[in-house]
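Some notes on the structure that comes next.
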Amino acid sequence: MAVYVIAGPWYAVAVSVFAYAAQLRQPSPLVKRIFNPSHRVLSAAGGGLAYAAVGGPVGSEVLEHIPATVLAAVVGTIGHQVTNALLVSLILWLEGQVPVLHFLRSVILPTFLPMLGYSALGVLLAVTWIGGLNIVACLLVLGPLIVVRWAMSQYQAERAAQAAAMRAFIQVIETKDLYTRGHSERVSTGVGMLGRHLRLPEDRQQALEHAGLLHDVGKVGVPTSIIRKPGKLDDAEMDAIRLHPARGVELIGNIPFLEEVKSAVLHHHEKFDGTGYPAGLSGTNIPYFARIIGIVDAFDCLTSTRSYRPARSIDETLAILVQDKTTHFDPDLVDAFVAVIRNQGWKAAAADQPAPDGTVQAIDHDDLSLGSSGGATGSAAGPA
């Protein structure tokens, strides 16, 4: 934006070519090395066309037409944003993995106003330059931006460290059983999909995804022999399984950034009719995040292979969730989740898992969200 104003739109395009050409040498897939710089250059061109179309002032004209410059900068930013959104939407449409409307709603709309702020900063930098102010004035403009960028980089580094810590927890659990490998990641993905559909605020969305990732962390304290047992669990073994939500809260209890997810981890096996555990909560007394996780947890369990049964199909599992709403699950959240899966699809884990042992009696002791007695003895039970 600063170069649009100082030297004109086409100089800005030239600057973008030089700025992003270095990415062509990065050790990443060729399609990314070509697409990323190209789409940024084209976005700069789109913004330049918009800036020129409204007669945006350039160079010394700017000081005499400040309002027109600001207006042209806004229009140029919109042109840049629209070009960027169209190019990325094209790739998403070709890939078919992320809905284009979801991208526009969750990425483009929230970043629109901040991008306008960047354009205002660009105009300020340009006016400072054109006005012939000294280097100290330029540094006064750039200084706050550098500080903000540093602060954001520290924030991103902290988030990366948090994610690494949580995944370390999960890796410990998933080494116990090949059949549950990837389950926590998929639950986190699923609750994230539902949370975005429900339009949760960003901080709540992040907390929900953390809770989904860590919901089974307490299983690290359950003996491996119980987790891998293919047959029916006795009462003592079932009690050991039922302790995993409380053990999970103990494990994450001293980590400050996970304070919000504790109730979700503790209560994700409660049932809407009050027959779940550990507290027998019912209805909306069950924490909101726990109700969400309970649905996605059951969905992923049933669409995954276990040693004692094959995976169920997505359509069959959605029908089970609908059948068991009001008894096991929050009916409104079930309806929302079914709509999300119908619209966005789901990559089940069945293809990546070992085949079930056909000699083992089908007892779904892992799907503890389902069935009237804590195991899957109701409509969600494994094949007879």
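Values reported hereafter were calculated over all heavy atoms of this structure, with side chains retained and with hydrogens, waters and symmetry mates removed. A quick note: this is a predicted structure, and the numbers were derived from the prediction, not measured. Residue numbers count from 1 along this sequence.
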Can you tell if the side chain of Thr303 reaches within under 4.5 Å of the side chain of Arg312, non-hydrogen atoms only?
-> no

Side-chain heavy atoms of Tyr277 within contact of Lys271, under 4.5 Å = no

Distance-only side-chain donor-acceptor flag, Asn343 / His197, under 3.5 Å = no

Among all residues two or more places apart in sequence or in another chain, which pass the side-chain hydrogen bond (donor to acceptor under 3.5 Å, both in side chains) test with Thr69?
-> none

Minimal non-hydrogen separation, Ala264 against Phe289, with atom names = CB-CB, 3.6 Å

Taking Glu270 for its side chain and Ala290 for its backbone only, find out whether a donor-acceptor pair lies under 3.5 Å.
-> no

Side chains of Val338 and Val322 in contact at under 4.5 Å (non-hydrogen atoms) = yes

Taking all non-hydrogen atoms of both residues, which atom of Leu116 and which atom of Ser119 are closest, and how far apart?
-> O-OG, 2.5 Å

Correct closest heavy-atom pair for Leu321 and Ala298 would be CD2-CB, 4.4 Å

Are the aromatic ring centres of His267 and His215 under 6.0 angstrom apart?
-> no

Arg196 with Glu209: basic N within carboxylate O range, under 4.0 Å = yes

Pair Phe272 and Phe329, ring centroids less than 6.0 Å apart = no

Minimum-distance pair of heavy atoms, taken over all atoms of Val261 and Ala207 | CG1-O, 3.3 Å

To the nearest 0.5 Å, what is the distance between CG (Asp300) and OG1 (Thr189)?
-> 9.5 Å

Sidechain N-carboxylate O distance under 4.0 Å for Asp315, Arg342 | yes

